[in-house]
Amino acid sequence: MRRSKYYIPTQKEIPQDAEIKSHIIMIKGGYIRKLSAGIYTLLPIAQKIMIKIANIVRKHMNNAGFSELVMPIVSPKELWEETGRYDIYGKEMMKFNDRHKREFVLGPTHEEIITDLVRKTVKSYKELPLGLYQIQTKFRDEIRPRFGIMRGREFLMKDAYSFDSTKEHAVTTYKKVEKAYNDIFSEMELEFSEVAAQSGPIGGDTSKEFMVHADVGESIILKCEKCGYVSNNEKTELVEIKNEKEVPAPMEDIETVNIKTVEAVSGFLNVNKSKIVKTILVRAADKFIAVLLRGDRDLNMDKLNNILGVDASELALEKDFVKLNLPSGFIGPFELPIKDIYADISVKDLCNFVIGANKKDHHFKNVNIGRDINIDKYYDLSFAIEGDKCPKCGGSLDSFHGIEVGHIFILGNKYSKSMKAFFVDDAGKRQNFEMGCYGIGIGRTMASIIEQKYSKEKGMYWPLCVAPCDIDILLLNTSDEALVKVGDELYNELGKTGIDTIIDDRNINAGVKFAESDLLGAPIKIVIGRKYLENKKFEVVYRKNNEKQFMDHDTLIKYIKEIIGIKI
RNA sequence: CGGGGUGUAGCGCAGUGGCUAGCGCGCUCGGUUCGGGGCCGAGAAGUCGGAGGUUCAAAUCCUCUCACCCCGACCA
């Protein structure tokens, strides 16, 4: 295309609300425009990239035996009530009424819709396994959309669903998708990790996340340097958190006026946070429980919920403390009027520690388990952090940030059961489908590529398979007819071979063209300036390695075909 | 949802009671430059987020409201 006729509304200023690289580049480079919080228009170059990413995903999903369909974005409330997710999904789900006052939702995901479809159409084991996917807009009314399309409310997602006759077959399908995902992200030249993401009731290797390595990633990943075990910090199991043995000192009651937080207690008493045990009051299923954690550890609500066997629990509010007549900021396990106490393994073997005294403005010092308080069982309740022990081999865990671009999951019969989705097996018996679901954020993948491939010095580099165009010709001087002719001829010649070329034929400053070219990130950049007229050599940069070369016409064509050939 | 912040030209911002609201970038026109968002000149462009109030006088003070952004949602 000719840049003069193409729509790429760039801007020089960094938008006020853009914080991360990909967001800044996408706004400056004319990829996206915000319409409302978390809602964006995809402009032509972004749309081209999205289509290419989607097509790579399609190719590998098709290979894995899945068929593409498209489900409606709007679905009736009743379907969501069948699984109970109408309430569980809560405020994230955008709800509205039609003119007849019937209630509908904008699909945040499509398990219910696909299960409904399959239960109505698939009746026999002979039709299984069945794999279906769509590339569809999703809407989730996120609490806090941010980072441009990285965490938007409206976003494009590939979501796939599998239906198998047995658990074993479901695992086979799951493995196929796992392979497909590895191929997809590898093809896009992303550095990523496949990360364990589930330790709950289903257990085992039944859920994995695909994480693109990036400092701005919202997920924290732990990796064992010794055995290579990788997991999301939300899911990393902890077997042991070491505490030093000490000679017990006598317990003391200390006045701590208005000293409420671990931070404050630590400073006031001059003790390390790891020598404080915090008592967290949690409301779970209409009753209150207390959780004991070492002061430097954070409570992982997911782990707690799994242990309690509840879907959700929440921290007690100030009014709960009032109701229970507990002094907020000073509660502790000593004579606590809450009988359900869950202690984290970080508290085990801890000696001479500090706890709240259950008395306003008082803490106890030198508390010891067995002597002052009793704990008969320890649970794994905290987030793993760098330096913790690997649950597999005992090695040390390292941590880094990642962007979750894909998630694969074995669902079992959770949906097929609640929605009464059956098939008849080879023994003539009615069975629930064994399901799996598999997502990839298409827009988020695009943003992730920018996070990894853009640098201030070299500009953006889009891998050929996803690039908004293959070649970017910078025609620096449009008032020089001879040069214009050279540019046009090259542009037309490449166009005829089907190579996707853009030529910057605008009558503007060279600096602007270079700056915008760095934002566009076409893998091959060709510069035609006055220097060309001297020696008839094109300046060519392959952005992947940022190598600048000068070559004559025939060499250039050969070079381009070589590089583009890699793609085909 | 809690806390904080911001809304003034397309974008980034200045303007804390006083005349006709400014600056940079962008845009238009003219000139110049012609390999890293260049330079000179001229110009177009604003219901100062909205509503109400205080005042002789409001972008500026007050109330309400809307939108957007940031932090938090680990507090024991």
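Below, chains carry the letters A, B, ... as their sequence lines are ordered, and counting in each starts from 1.
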Identify the pairs formed between an N or O of the protein and an N or O of nucleotides 32-34 of chain B at a distance under 3.5 Å, and give each distance.
residue : atom : partner  : partner atom : Å
B/C34   : O2'  : A/Asn477 : ND2          : 2.9

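Looking at heavy-atom distances under 4.0 Å, A/Phe147 makes no contact with the nucleic acid at all. A/Ile14 comes within contact range of the sugar-phosphate backbone alone, with a heavy-atom separation under 4.0 Å but no base atom that close. Counting non-hydrogen atoms under 4.0 angstrom, A/Ser36 reaches the backbone sugars and phosphates but no base.
A straight line from CD of A/Glu534 to P of B/G35 spans 11 Å, rounded to a whole angstrom. Here B/G36 presents its P atom at 17 Å from CG of A/Leu519, a figure rounded to the nearest Å. Per the geometry, CZ belonging to A/Arg506 stands 17 Å off C1' belonging to B/U28, to the nearest Å. Distance, A/Ile528 CD1 to B/G35 P: 13 Å, rounded to whole Å. In this structure, the OH atom of A/Tyr40 is 11 Å from the C1' atom of B/C69, given to the nearest Å. With rounding to whole Å, A/Ile27 atom CD1 is found 18 Å from B/G37 atom C1'. Rounded to whole Å, atom P of B/A73 lies 12 Å from atom CD1 of A/Ile280. Remark: C1' of B/G35 and CG of A/Leu475 are 12 Å apart, rounded to the nearest angstrom.
At a cut-off of 3.5 angstrom, counting only N and O atoms as typed in the model, there is a donor on one side and an acceptor on the other between the side-chain of A/Glu13 and the base of B/G24. Judged by atom type and distance alone, A/Glu516 reaches the base of B/G37 through a side-chain donor-acceptor pair under 3.5 Å.
Looking only at distances, no side-chain donor or acceptor of A/Lys28 sits under 3.5 Å from a matching main-chain atom of A/Ile14. Judged by distance alone, the side chain of A/Thr501 and the main-chain N or O of A/Leu494 form no donor-acceptor pair under 3.5 Å. A/Trp80 places no side-chain N or O within donor-acceptor distance of the main-chain N or O of A/Gly107, the cut-off being under 3.5 Å. Listed for the A/Arg444 side chain is no donor-acceptor partner under 3.5 Å among the backbone atoms of A/Arg151.
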Cut-off 3.5 Å, no hydrogens considered: what does the side-chain donor-acceptor table look like for residues 329-342 of chain A, sequence neighbours left out?
residue  : atom : partner  : partner atom : Å
A/Asp340 : OD2  : A/Lys287 : NZ           : 3.1

Distance-only criterion, 3.5 Å: show the donor-acceptor pairs between side-chain atoms of residues 512-519 of chain A and protein atoms not counting sequence neighbours.
residue  : atom : partner  : partner atom : Å
A/Lys513 : NZ   : A/Leu475 : O            : 2.5
A/Lys513 : NZ   : A/Asp504 : O            : 3.1
A/Lys513 : NZ   : A/Arg506 : O            : 2.6
A/Glu516 : OE1  : A/Arg3   : NH2          : 3.1
A/Glu516 : OE1  : A/Arg506 : NH1          : 3.4
A/Glu516 : OE1  : A/Arg506 : NH2          : 2.9
A/Glu516 : OE2  : A/Thr10  : OG1          : 2.7
A/Ser517 : OG   : A/Asp472 : OD2          : 2.8
A/Ser517 : OG   : A/Arg543 : NH2          : 2.8
A/Asp518 : OD1  : A/Arg543 : NH1          : 3.1
A/Asp518 : OD1  : A/Arg543 : NH2          : 3.1

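In this structure, the nucleotide among B/C11, B/G35, B/G37 sitting nearest to the side chain of A/Val527 is B/G35. With distances taken from any side-chain atom of A/Lys34 to the nucleotides B/C69, B/G35, B/G37, the minimum falls on B/C69. When distances are taken from the side chain of A/Gln16 to each of B/G24, B/G35, B/C69, the shortest belongs to B/C69. Comparing B/G35, B/G37, B/C11 by their closest approach to the side chain of A/Lys531 singles out B/G35. Residue A/Lys525 has its side chain nearest to B/G36 when only B/C25, B/G36, B/G72 are considered.
The ring pair (Phe, Tyr, Trp, His ring centres under 6.0 Å) check on A/His362 picks up nothing, with sequence neighbours excluded. Not counting sequence neighbours, A/Asp361 has no partner by the side chain to side chain donor-acceptor pair (under 3.5 Å) test. Scored by the side chain to side chain donor-acceptor pair (under 3.5 Å) test, A/Asn492 finds no partners at all (sequence neighbours excluded). Judged as a ring pair (Phe, Tyr, Trp, His ring centres under 6.0 Å), and not counting sequence neighbours, the contacts of A/Phe538 are A/Tyr532. Among residues two or more places apart in sequence or in another chain, the salt bridge (charged side-chain N to carboxylate O under 4.0 Å, His left out) test is passed with A/Lys365 by none.
Base pairing of B/A73 is not made with any nucleotide, judged by Watson-Crick or G-U wobble geometry with both donor-acceptor distances under 3.5 Å. Base pairing annotation: B/G52 forms a Watson-Crick or G-U wobble pair with B/C62, both donor-acceptor distances under 3.5 Å. Across all strands shown, B/C68 pairs with B/G5; the Watson-Crick or G-U wobble distances both stay below 3.5 Å. Nucleotide B/A42 is matched to B/U28 when pairs are restricted to Watson-Crick or G-U wobble geometry with both distances under 3.5 angstrom. Base pairing of B/G12: its partner is B/C23, meeting the Watson-Crick or G-U wobble criterion (both donor-acceptor distances under 3.5 Å).
As rounded to the nearest Å, B/A21 and B/G30 have P atoms that lie 30 Å from one another. Between B/G12 and B/C68, the two C1' atoms lie 16 Å apart (nearest whole Å). Of the C1' atoms belonging to B/C27 and B/G37, the separation is 15 Å, rounded to the nearest Å. Nucleotides B/C64 and B/C19, compared at atom P, are 29 Å apart to the nearest Å. Distance noted for atom P between B/A14 and B/G49: 14 Å (whole Å). Taking atom C1' on both B/U54 and B/G46, the two are 25 Å apart, rounded to the nearest angstrom. Only the C1' atoms considered, B/C66 is 23 Å distant from B/C13, to the nearest whole Å. B/U8 and B/C29 have their P atoms separated by 28 Å, with the value rounded to a whole Å.
For the contact set between residues 349-358 of chain A and RNA chain B, defined by any heavy atom under 4.0 Å, there are no members. Less than 4.0 Å separates RNA chain B from at least one heavy atom of each of the following residues of residues 257-276 of chain A: A/Lys260, A/Thr261, A/Val262.
For the ring-ring contact (aromatic ring centres under 6.0 Å, His included) condition, no pair includes a residue of residues 19-49 of chain A, sequence neighbours left out. Legend: salt bridge (charged side-chain N to carboxylate O under 4.0 Å, His left out) pairs involving residues 250-270 of chain A, not counting sequence neighbours, sorted by first then second residue: A/Asp253-A/Lys359, A/Glu263-A/Lys273.
Geometrically, A/Lys77 engages A/Tyr86 in a cation-pi contact, judged by NZ or CZ lying under 6.0 Å from the ring centre and within 45° of the ring axis.
Residues A/Phe147 and A/Val216 are not in side-chain contact: their nearest non-hydrogen atoms beyond the backbone lie 4.5 Å or more apart.
Place A/Asp17 and A/Glu539 on RNA chain B by their nearest nucleotides, and A/Glu539 ends up nearer the 5' end. RNA chain B is contacted by both A/Lys513 and A/Pro15; A/Pro15 maps to the nucleotide lying nearer its 5′ end (nearest heavy atom per residue).
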